[in-house]
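Attaching a single structure in structure tokens format; questions to follow.
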Amino acid sequence: MASGSGSGSLMWFRKGLRIHDNPALERAAQSTKFLYPVFIIDPHYMEPDPNAFSPGSKRAGLNRIRFLLQSLADLDLNLRKLGSRLLVLKGEPSQVLLRCLKEWDVKKLCFEYDTEPYYQALDIKVKDYASIAGIEVYSPVSHTLFNPADVIQKNGGRPPLSYQSFVKLAGQPSWASSPLSVTISSLPPVGDVGGCEISEVPTIKELGYGDIEQEWVAAFEKPKGDPSSFLKPATTTLSPYLKFGCLSSRYFYQCLQDVYRNVKRHTSPPVSLVGQLLWRDFFYTVAFGTPNFDRMTGNRICKQIPWNDNNELLVAWRDARTGYPWIDAVMIQLHKWGWMHHLARHSVACFLTRGDLFVHWEKGRDVFERLLIDSDWAINNGNWLWLSCSSFFYQYNRIYSPISFGKKYDPNGDYIKHFLPILKDMPKEYIYEPWTAPLSVQMKAKCIIGKDYPKPVVPHDSASKESRRKMAEAYSLNQKLNGKVSEEDLKKLRRKLEEDSEDTKQES
DNA sequence: CCATCGTTGACGAC
DNA sequence: GTCGTCAACGATGG
């Protein structure tokens, strides 16, 4: 097929899985005979990996894969209502897309701009090919309220590093005064697909998750009884829809503004719902403007801290065997639901890193990235930087207690009993610290600590004290070296910290 | 240089 | 429930 002279458009869906407020789709549908709406399934992301620590693919847990498939099915349905459909293809995305562009009659390629490094690299390849082939490319920013590049430019080339300065800099969204285009009445027909293999949106079974899926359906439990606020989500739970762009953050923003206009008393940023959208944009902006944002090394906004590499502690945390019921219950909710309350996430992230275990935040980030339905590259990394006091937030003396924090919200421990049924008969005075229960109580509750449920992996009092000390040392080293801490400097500090702790042991 | 402030810590005194 | 204390950080803005 002659390139560049074609009469069709290709709409490439990645995030932005929606038909409302979708400028790329709108442009793709304009003055064209044919429209090819494409989604490419990357096997690395979707196909079963038997070696992974939880059911799912190499990169994503089953809960998120399921959510993505449901979103795709919904998108397909909406496209069909408009006289089109979703063309699902499988393979390495850039290869598959280039093949489509070569084989099909395409003169215009449209896709939503994406600030993540993965897509930045992918999109360069695709744009390079398109420019050689004479294919017009339209790639608008529509995933966030603001264009991160604009905000960075306004700040002289560096992203703002505090929420407040971000908000001041960002101002009002450029589209705030005019209504967004949220309806499409019809779409052009799909053109000839030639030899490219097209499939329907697969079911989770078709991807090879048949057995697990049966288990999931059989085990599905709707929250019931007298749930604490952690069981019955006290938040909107819209995060996964925003992550995949099933819901436009801009449209959501406009809807919220409408509500605020009609309601006298309402909350305000940063704690209001609009505030949450602004936080999302803040993290997208910093992430886009910070090289190596997802690593400690080579990340200019990240404190260099001598985290340990203790796999046993990491696995105990990951697999909900820390011996702290509150921490373990949250981690079980993560495995089962792929979602936890925001503050529950804080609590377990602090525990793994600067609070108790002193394990590298990148390790915890990996676990969340895999298991959360709503895991979003910029926001997940931003929050791990935050909670580990590596960036944005630096008050490392403020440590969440694995005992008191949950108790404050749920004194009876209903949340723990729900996710850790082994503790369901433990009296409430011991439910957050079952190792302190007298043996007779443990026997009566049919839960012997150390046998039926683990003892604490570390004692919180001394472990958190030790962590504070390490953080103070690391901070002072960062200050002394003006942030330029080398691998070697960290090694030395690790040695020093070990020696110091040996001394303390000998003294006591 | 300095003052202010930061979405969400724990604990104890009142 | 609201305060101060703990110990004291860094980004920002003057």
Side-chain angles (χ1 to χ4, degrees), chain A residues 151-152 154-171 228-230 233-236 239 256 266-286 289-290 299-305 324 326-327 330 340-356 379 382-411 432-433 459-485:
Chain A
V151 181
I152 290 167
K154 273 192 203 167
N155 199 40
R158 293 244 171 149
L161 294 177
S162 73
Y163 169 83
Q164 292 299 351
S165 60
F166 167 81
V167 170
K168 260 189 230 163
L169 217 50
S228 74
S229 65
F230 285 104
T235 46
T236 63
S239 52
L256 290 172
H266 61 77
T267 53
S268 302
V271 297
S272 67
L273 282 170
V274 161
Q276 305 314 299
L277 289 177
L278 293 168
W279 275 103
R280 176 175 179 270
D281 263 54
F282 167 64
F283 281 129
Y284 265 87
T285 303
V286 188
T290 308
N299 180 346
R300 70 178 174 222
I301 68 166
C302 181
K303 286 256 178 289
Q304 305 297 302
I305 293 166
Y324 288 95
W326 161 250
I327 300 292
V330 173
M340 316 91 97
H341 189 279
H342 181 57
L343 292 177
R345 299 180 191 199
H346 280 204
S347 185
V348 296
C350 176
F351 183 83
L352 178 70
T353 57
R354 68 180 170 88
D356 293 80
I379 297 169
N383 276 312
W384 277 95
L385 284 163
W386 184 296
L387 264 305
S388 65
C389 282
S390 296
S391 199
F392 308 116
F393 176 80
Y394 306 95
Q395 279 162 292
Y396 55 78
N397 283 309
R398 297 187 184 172
I399 292 174
Y400 290 86
S401 160
I403 297 150
S404 329
F405 186 72
K407 207 186 268 178
K408 198 164 57 180
Y409 296 97
D410 179 19
Y432 284 87
E433 309 167 82
H460 171 66
D461 280 349
S462 56
S464 58
K465 231 182 223 163
E466 181 79 357
S467 295
R468 274 197 184 96
R469 193 177 64 84
K470 289 182 185 166
M471 290 299 282
E473 293 269 6
Y475 266 50
S476 97
L477 184 67
N478 276 265
Q479 199 165 47
K480 195 175 111 198
L481 300 177
N482 204 13
K484 292 179 184 61
V485 180

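Protein chains get the first letters and strands the later ones, always in sequence-line order, with residue 1 at the start of each.
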**Q.** Non-hydrogen atoms of A:V167 and A:L278 that approach each other most closely
**A.**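 Nearest heavy atoms, A:V167 then A:L278: CG2-CD1, 4.3 Å.
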Q: Check whether any side-chain heavy atom of A:Y400 sits under 4.5 Å from a side-chain heavy atom of A:L387, and report yes or no.
A: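 SC-SC contact between A:Y400 and A:L387 confirmed.
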(Q) Between P on B:dT7 and NE2 on A:H346, what's the gap in Å once rounded to a whole number? (A)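 Whole-Å distance recorded here is 12 Å.
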Q) How would you label the contact of A:Q164 with the nucleic acid (heavy atoms, under 4.0 Å): base, sugar-phosphate, or nothing? A)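 Sugar-phosphate, no base atom in range.
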**Q.** Value in whole Å for how far the C1' atom of B:dC11 lies from OH of A:Y400
**A.**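 Rounding to the nearest Å, OH of A:Y400 and C1' of B:dC11 are 16 Å apart.
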Q.
Quick check on B:dC11: is either OP1 or OP2 less than 4.0 Å from any side-chain nitrogen or oxygen of A:S404?
A.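 Checking B:dC11 against A:S404, a side-chain N or O does come within under 4.0 Å of OP1 or OP2.
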Q.
Using Watson-Crick or G-U wobble geometry with both distances under 3.5 Å, which nucleotide pairs with B:dT8?
A.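 Its partner is none (no Watson-Crick or G-U wobble pair with both distances under 3.5 Å).
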Q | Same-atom distance (P) from C:dC9 to B:dC11, integer angstrom | A |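 C:dC9 and B:dC11 have their P atoms separated by 23 Å.
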**Q.** Proximal nucleotide (of B:dG9, B:dA10, B:dT7) relative to the A:V271 side chain
**A.**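 Closest nucleotide to the A:V271 side chain: B:dT7.
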Q: Report the distance from atom CD1 of A:I403 to atom C1' of B:dG9, rounded to the nearest whole Å.
A: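 Nearest whole value for this atom pair: 14 Å.
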**Q.** A:S467 side chain vs A:A463 backbone, donor-acceptor pair below 3.5 Å
**A.**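 Yes; at least one donor-acceptor contact below 3.5 Å.
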Q.
Keeping A:Q276 on the side-chain end and A:P270 on the backbone end, is there a donor-acceptor pair under 3.5 Å?
A.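 Checked: pair present.
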Q: Could you tell me whether A:F282 and A:F392 have their ring centroids closer than 6.0 angstrom?
A: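 Yes: the rings meet the under 6.0 Å criterion.
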Q.
For the P atoms, the ones on B:dC2 and on C:dA7, what distance do you get once it is rounded to whole angstrom?
A.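 Straight-line distance between the two P atoms is 23 Å.
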**Q.** Any-strand Watson-Crick or G-U partner of C:dA8, both distances under 3.5 Å
**A.**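 Answer to the pairing question: none, since C:dA8 forms no Watson-Crick or G-U pair.
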Q. Which whole-number value in Å describes the distance from A:R345 CZ to B:dT7 C1'?
A.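 Going from A:R345 (CZ) to B:dT7 (C1'), I get 16 Å.
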Using nucleotides 8-14 of chain C, report all nitrogen or oxygen pairs with the protein that are shorter than 3.5 Å.
from, atom 1, to, atom 2, distance (Å)
C:dG10, OP2, A:Q479, NE2, 3.3
C:dT12, OP1, A:L161, N, 2.7
C:dT12, OP1, A:S165, OG, 3.3

(Q) Check the phosphate of B:dA10 against A:K408, side-chain N and O only, distance under 4.0 Å to OP1 or OP2. Yes or no? (A)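 It does, given that an N or O in the side chain of A:K408 lies less than 4.0 Å from OP1 or OP2 of B:dA10.
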Q. Atom CH2 of A:W386 to atom P of B:dG9: distance rounded to whole Å?
A.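 In whole Å, B:dG9 P and A:W386 CH2 are 10 Å from each other.
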Q | Separation of atom CZ in A:F283 from atom C1' in B:dT7, rounded to whole Å | A |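 The answer, rounded to whole Å, is 10 Å.
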Q. Rounded to whole angstroms, how far apart are CD1 on A:I399 and P on C:dC6?
A.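 Atom-to-atom, A:I399 to C:dC6, this comes out as 17 Å.
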Q: Provide the closest heavy-atom pair for A:S272 versus A:T267 in the form atom of the first, atom of the second, distance.
A: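 The pair with the smallest heavy-atom distance is CB-OG1, 3.2 Å.
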Q. Using the C1' atom in both, what is the distance from C:dG10 to B:dA10, to the nearest Å?
A.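 Straight-line distance between the two C1' atoms is 23 Å.
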Q: Quickly work out the A:R398 CZ to B:dT8 C1' distance and round it to whole Å.
A: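 One finds 10 Å between C1' of B:dT8 and CZ of A:R398, rounded.
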(Q) With rounding to the closest Å, how many angstrom separate the C1' atoms on B:dT4 and C:dA8? (A)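 B:dT4 and C:dA8 have their C1' atoms separated by 14 Å.
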Q. Within the side chain of A:Y432, is there an N or O that forms a donor-acceptor pair under 3.5 Å with the backbone of A:G406?
A.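 Yes, because the side chain of A:Y432 sits within donor-acceptor range (under 3.5 Å) of the backbone of A:G406.
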Q.
Donor-acceptor check, side chain of A:S391 to backbone of A:I301, threshold 3.5 angstrom: yes or no?
A.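 Present.
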